[in-house]
S.K.: 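My questions will all concern the structure given below.
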Amino acid sequence: MDMKKLASVLIPDKDLLPVEEYEKIYPERERAPKAEITRLAPSPTGFIHLGNLYSALADERSAHTTDGVFYLRIEDTDEKRKVEGAVESVIRSLNYFGLGFDEGAEIDSPLNKYGPYYQRQRAKIYRAFVKVLIEKGLAYPCFCTETELDSVREEQTSQKKTTGYYGEYAKCRNLSEEKIYENINAGKKFVIRLKSQGGIENKIAFRDAIKGEVTVTENDQDVVILKSDGIPTYHFAHVIDDHFMRTTLVIRGEEWLSSLPVHLELHKVLGFKPPRYAHTSSLMKMDGGTKRKLSKRKDPELSLDYYRKAGYFPVAVVKYLMTLLNSDFEEWALKNPDKDYRDFKFRIEKMSRSGALFDLDKLNDVSKTEISRLSAEECFDFLDKWVQEFGSEADRAHFKDKEYIIKVLELVMGIGGKKRRKDIERAEQGVRLIDYFFDDAFAPEYSYRFDDETVNTVLDEFINTYDPEDDNSVWFAKVKAIAPKVGFAGETSEYKANPNAFRGNVSDLAEILRIAVAGAPNSPDLCTIMRILGKDRSVSRLQAGKR
RNA sequence: GGCCUUGUGGUCAAGCGGUUAAGACGGAGCCCUCUCAAGGCUCAAUCCCGGGUUCGAUUCCCGGCAGGGUCACCA
């Protein structure tokens with residue numbers, strides 16, 4: 001059979017470059033010996049989830065801790081997946097969490113010498129290589145229809161045989177020349193399949209950067225490399241792209257491990273040296289009694305928007321992911337609280353082989369810690385950003401008075417003091433925590449634990465002696481002085497020594513004041529709250545607190 | 001189902017032939033305290049099971065079991 005002729009009938013493009021040219025167009029990158037070239041290669045659905053961020057972080061860290069390059073390539077070979085504005089959305093999402101690309105689609109960079117970075121725009125490259133494969137007899141046209149394929153698969157399934165297009169099931173593999181041209185002339189649609197040279201009985205020892213030694217078998221499937229629309233499949237396109245974009249490390253989910261044999265064979269027939277592969281295990285979630293992969297449909301916490309809306313500190317999400325990526329990160333971060341997480345020496349080899357359960361408690365803890373390190377100014381900015389995007393009308397009005405908010409934050413969050421509040425994990429909580437400093441949001445429940453007479457006496461007594469100029473100790477002394485009048489203990493020690501002798505303790509007395517002024521039995525230092533509120537508002541709240 | 005893969009406290013996990021089996025999150029308790037928060041201290045909790053190999057296995061081998069992945073002209 002004249003393969004050259006067949007190839008030019010199947011791939012009739014007139015403007016294809018000789019494949020050797022591409023080696024010159026996309027030369028080896030100049031890089032330090034250990035510099036990694038990594039990539040994020042999403043399909044353009046625009047939906048980036050936590051799992052993507054997790055793997056993107058591994059890519060980004062691998063590249064940027066080695067002076068390498070992290071680039072963005074868009075795998076748009078499937079038209080159905082395309083969503084408008086998706087690429088920008090991917091970039092924006094990653095930027096929000098502090099990850100940036102050095103090169104690639106929609107990235108303005110002098111490094112963009114390995115493009116185009118959209119696979120659809122690279123069709124000529126792929127087709128040139130497919131053509132060569134056909135000429136070499138390593139690929140062939142397949143005219144099988146979807147229904148034919150389906151029935152073969154059913155037959156294989158019922159006979160408990162391995163499904164797929166291989167061996168005796170590869171009907172079009174050895175079509176005669178006449179038959180091929182007959183089909184073509186009849187206008188039948190076709191795909192191009194790889195004529196696999198491998199045998200499933202041959203085991204290959206493969207070294208995965210994360211999983212270590214992995215045994216896989218050779219591929220024996222005549223996989224589709226060029227779809228009937230003339231666009232390659234993922235398998236083929238990514239092999240070409242990773243080679244010509246001179247990728248050194250491919251980090252991807254472990255769901256790809258099973259198609260690794262195909263990719264290895266493709267590299268082989270194309271004459272490429274495969275990059276290193278690192279297969280990450282996916283993030284899991286506890287559901288009922290068992291672990292399962294985090295799912296887009298069931299788990300809102302998979303969506304990155306979830307973290308934005310809830311007001312997690314972006315770096316906290318990244319740091320949490322870092323603890324999952326390299327488990328010694330946590331210890332390092334504890335020892336180096338002031339260092340940027342980027343100073344940590346990330347290594348892909350340190351990644352865990354098994355799938356980590358996503359642990360919201362842990363994320364919350366990391367976020368708390370991050371937020372507790374913010375200065376008043378930073379804290380304001382952080383909360384303000386959230387308020388502007390997700391807060392209520394009232395929240396936005398409150399946040400116009402930056403000076404006041406900062407004063408409130410310093411008190412409530414204990415900023416600048418030794419007793420730093422450390423239980424705020426999300427912006428939303430922080431915003432709600434200071435609501436009672438605004439009259440329009442002040443909504444006390446007055447859930448006193450004492451009778452009305454006691455409450456009123458306490459409130460009145462306090463109002464009578466209250467002086468906004470008092471410092472904390474004078475203020476508290478005045479509170480203590482009220483105790484005997486309602487039968488409470490003025491000193492906790494007295495109360496503890498003989499609890500039955502009193503109706504309550506100073507702490508209970510303070511609680512009454514607290515409920516009146518702050519609207520809840522718990523709050524930071526009451527004296528300071530009153531000082532921030534000012535005399536008039538404090539007194540009017542104390543008055544309103546009477547039953 | 002075939003193939004691949006994983007299995008240390010509730011969770012993330014160090015450990016890689018001899019350890020009191022780290023650490024962190026979470027939990028419990030105590031102390032401090034005008035409450036909350038913060039801080040200090042203490043505690044509970046783990047090597048999936050069964051066979052080997054070995055003087056000795058959490059560590060090595062085999063077999064179970066359990067989880068995960070994958071079997072498209074989707075990526």
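Just so it is clear, the values below take in all heavy atoms, side chains as well, and ignore hydrogens, waters and symmetry mates. Lettering of chains follows the sequences in order, A, B, ..., and the numbering in each one begins at 1.
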S.K.: With a 3.5 angstrom cut-off on both distances, give the Watson-Crick or G-U wobble partner of B:rG2, or none if there isn't one.
M.R.: B:rU70
S.K.: Say we look at B:rU59 and B:rC71: how far apart would their P atoms be, to the nearest angstrom?
M.R.: 34 Å
S.K.: Would you mind reading off the distance between A:Tyr448 atom OH and B:rC34 atom P, rounded to a whole angstrom?
M.R.: 21 Å
S.K.: Testing A:Tyr320, A:Tyr341, A:Phe344 for ring-ring contact (aromatic ring centres under 6.0 Å, His included) with A:Phe329, which one passes?
M.R.: A:Phe344
S.K.: If the plane angle is over 60° it's perpendicular, under 30° parallel, otherwise tilted; pick one for A:Trp256 and A:His263.
M.R.: tilted
S.K.: Nearest whole Å is fine: how far is B:rA24 C1' from A:Leu363 CG?
M.R.: 14 Å
S.K.: If the C1' atom of B:rC55 is compared with that of B:rA14, how far apart are they to the nearest Å?
M.R.: 28 Å
S.K.: Below 30° counts as parallel, above 60° as perpendicular, anything between as tilted: where do the rings of A:Phe382 and A:Phe313 land?
M.R.: perpendicular
S.K.: Looking across every strand, which nucleic acid part, if any, lies under 4.0 Å from A:Asp328 by heavy atom: base, sugar-phosphate, or nothing?
M.R.: nothing
S.K.: How about CD on A:Glu349, more than 12 heavy atoms from neighbouring residues, nucleotides or ligands closer than 6.0 Å, or not?
M.R.: yes
S.K.: Does a side-chain N or O of A:Ser352 approach OP1 or OP2 of B:rA13 to a distance below 4.0 Å, or not?
M.R.: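 Affirmative; the distance criterion is met.
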S.K.: To the nearest Å, give me how far apart CZ (A:Phe437) and C1' (B:rC36) are.
M.R.: 13 Å
S.K.: What does A:Lys480 touch in the nucleic acid at a heavy-atom separation under 4.0 angstrom: a base, only the sugar-phosphate, or nothing?
M.R.: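 No contact.
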S.K.: For residues A:Arg420 and A:Ser372, is any side-chain donor paired with an opposing acceptor at under 3.5 Å?
M.R.: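 On atom types as modelled, these side chains do not qualify, holding no pair under 3.5 Å.
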S.K.: Checking base pairs now: Watson-Crick or wobble, both atom distances under 3.5 Å. What partners B:rC43?
M.R.: B:rG27
S.K.: Can you measure A:Phe450 atom CZ to B:rC34 atom C1' for me and round it to whole angstrom units?
M.R.: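 Spelled out: CZ on A:Phe450 to C1' on B:rC34 is 13 Å.
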S.K.: Could you tell me whether a side-chain N or O of A:Ser367 sits under 3.5 Å from a main-chain N or O of A:Ala316, the two making a donor and an acceptor?
M.R.: no
S.K.: Check every strand shown and say whether A:Met413 touches a base, only sugar-phosphate, or nothing at a heavy-atom separation below 4.0 Å.
M.R.: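 Counting heavy atoms under 4.0 Å across all strands, no contact is made by A:Met413.
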S.K.: Calculate the interatomic distance between A:Leu334 atom CG and B:rA22 atom P; express it in whole Å.
M.R.: 17 Å
S.K.: Quick check for you: among B:rU35, B:rC32, B:rC25, whose closest atom lies nearest to any side-chain atom of A:Asn522?
M.R.: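 Nearest nucleotide to the side chain: B:rU35.
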S.K.: When we call it a touch if two heavy atoms are under 4.0 Å apart, what does A:Lys422 touch: a base, just sugar-phosphate, or nothing?
M.R.: sugar-phosphate
S.K.: Classify every nucleotide of nucleotides 4-9 of chain B by which part a protein heavy atom approaches to under 4.0 Å, writing B for the base, S for the sugar-phosphate alone and - for neither, in 5'-to-3' order.
M.R.: SSS---
S.K.: Please tabulate, one pair per line, each protein N/O and nucleotide N/O from nucleotides 71-75 of chain B that are separated by under 3.5 Å, including the distance.
M.R.:
residue	atom	partner	partner atom	Å
B:rC71	O2'	A:Thr163	OG1	2.5
B:rA72	OP2	A:Arg153	NH1	3.2
B:rC73	O2	A:Ser228	N	2.9
B:rC73	O2	A:Ser228	OG	2.9
B:rC73	N3	A:Ser228	OG	3.2
B:rC74	OP2	A:Lys227	NZ	3.1
B:rC74	O2'	A:Asp78	OD2	3.1
B:rC74	O2'	A:Arg81	NE	3.3
B:rC74	O2	A:Arg81	NH2	2.4
B:rA75	OP1	A:Thr77	OG1	2.7
B:rA75	OP1	A:Lys227	NZ	2.7
B:rA75	OP2	A:Tyr234	N	3.3
B:rA75	O3'	A:Glu75	OE1	2.8

S.K.: Taking side chain as C-beta onward, heavy atoms only, is A:Ser327 less than 4.5 Å from A:Ser352?
M.R.: no
S.K.: Base, sugar-phosphate or nothing for A:Thr492? Non-hydrogen atoms, less than 4.0 Å.
M.R.: sugar-phosphate
S.K.: Whom does B:rG18 pair with, Watson-Crick or G-U wobble, provided both distances fall under 3.5 Å?
M.R.: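 Across any shown strand, B:rG18 pairs with B:rC55.
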S.K.: Would you indicate what A:Lys368 reaches in the nucleic acid, counting non-hydrogen atoms under 4.0 angstrom: base, sugar-phosphate, or nothing?
M.R.: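 The residue A:Lys368 makes sugar-phosphate contact but no base contact.
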S.K.: For A:Asp365 and B:rG26, give me the distance from atom CG to atom C1', rounded to whole Å.
M.R.: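 Whole-Å distance recorded here is 9 Å.
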S.K.: Rounded to whole angstrom units, what separation is found between the CD1 atom of A:Ile371 and the P atom of B:rA38?
M.R.: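 The distance from CD1 of A:Ile371 to P of B:rA38 comes to 13 Å, rounded to the nearest Å.
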S.K.: Per the atom types in the model, does the base of B:rC36 pair as donor or acceptor with the side chain of A:Arg514 at under 3.5 Å?
M.R.: no
S.K.: Parallel, tilted or perpendicular for A:Phe206 and A:Tyr277, by the 30°/60° rule?
M.R.: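 If you compare the ring of A:Phe206 with that of A:Tyr277, the planes turn out tilted.
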S.K.: With both distances under 3.5 angstrom, what nucleotide forms a Watson-Crick or G-U wobble pair with B:rC65?
M.R.: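 The answer is B:rG7, by the H-bond criterion.
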S.K.: Is the phosphate of B:rC34, meaning OP1 or OP2, less than 4.0 Å from a side-chain N or O of A:Lys496?
M.R.: no
S.K.: Taking the cut-offs as 6.0 angstrom to the six-membered ring centre and 45 degrees off its axis, would you call A:Arg503 and A:Phe450 a cation-pi pair?
M.R.: no
S.K.: Please give the distance between the C1' atoms of B:rG29 and B:rG64 as a whole number of Å.
M.R.: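 Comparing C1' positions in B:rG29 and B:rG64 gives a spacing of 42 Å.
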S.K.: From CD of A:Glu331 over to P of B:rG15, roughly how many Å is that when rounded to an integer?
M.R.: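 Rounded to whole Å, this separation is 11 Å.
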S.K.: Taking the side chain of A:Lys362 as its heavy atoms from C-beta onward, which of B:rC25, B:rU11, B:rU35 lies nearest to it?
M.R.: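 Closest nucleotide among those given: B:rC25.
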S.K.: Examine distances only and state if a side-chain atom of A:Asn505 and a backbone atom of A:Asp508 form a donor-acceptor pair shorter than 3.5 Å.
M.R.: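 Side chain of A:Asn505 to backbone of A:Asp508, a donor-acceptor pair under 3.5 Å: no, none is there.
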S.K.: Checking the side chain of A:Lys227 only, and the main-chain atoms of A:Thr77 only, is there a donor and an acceptor separated by less than 3.5 Å?
M.R.: yes
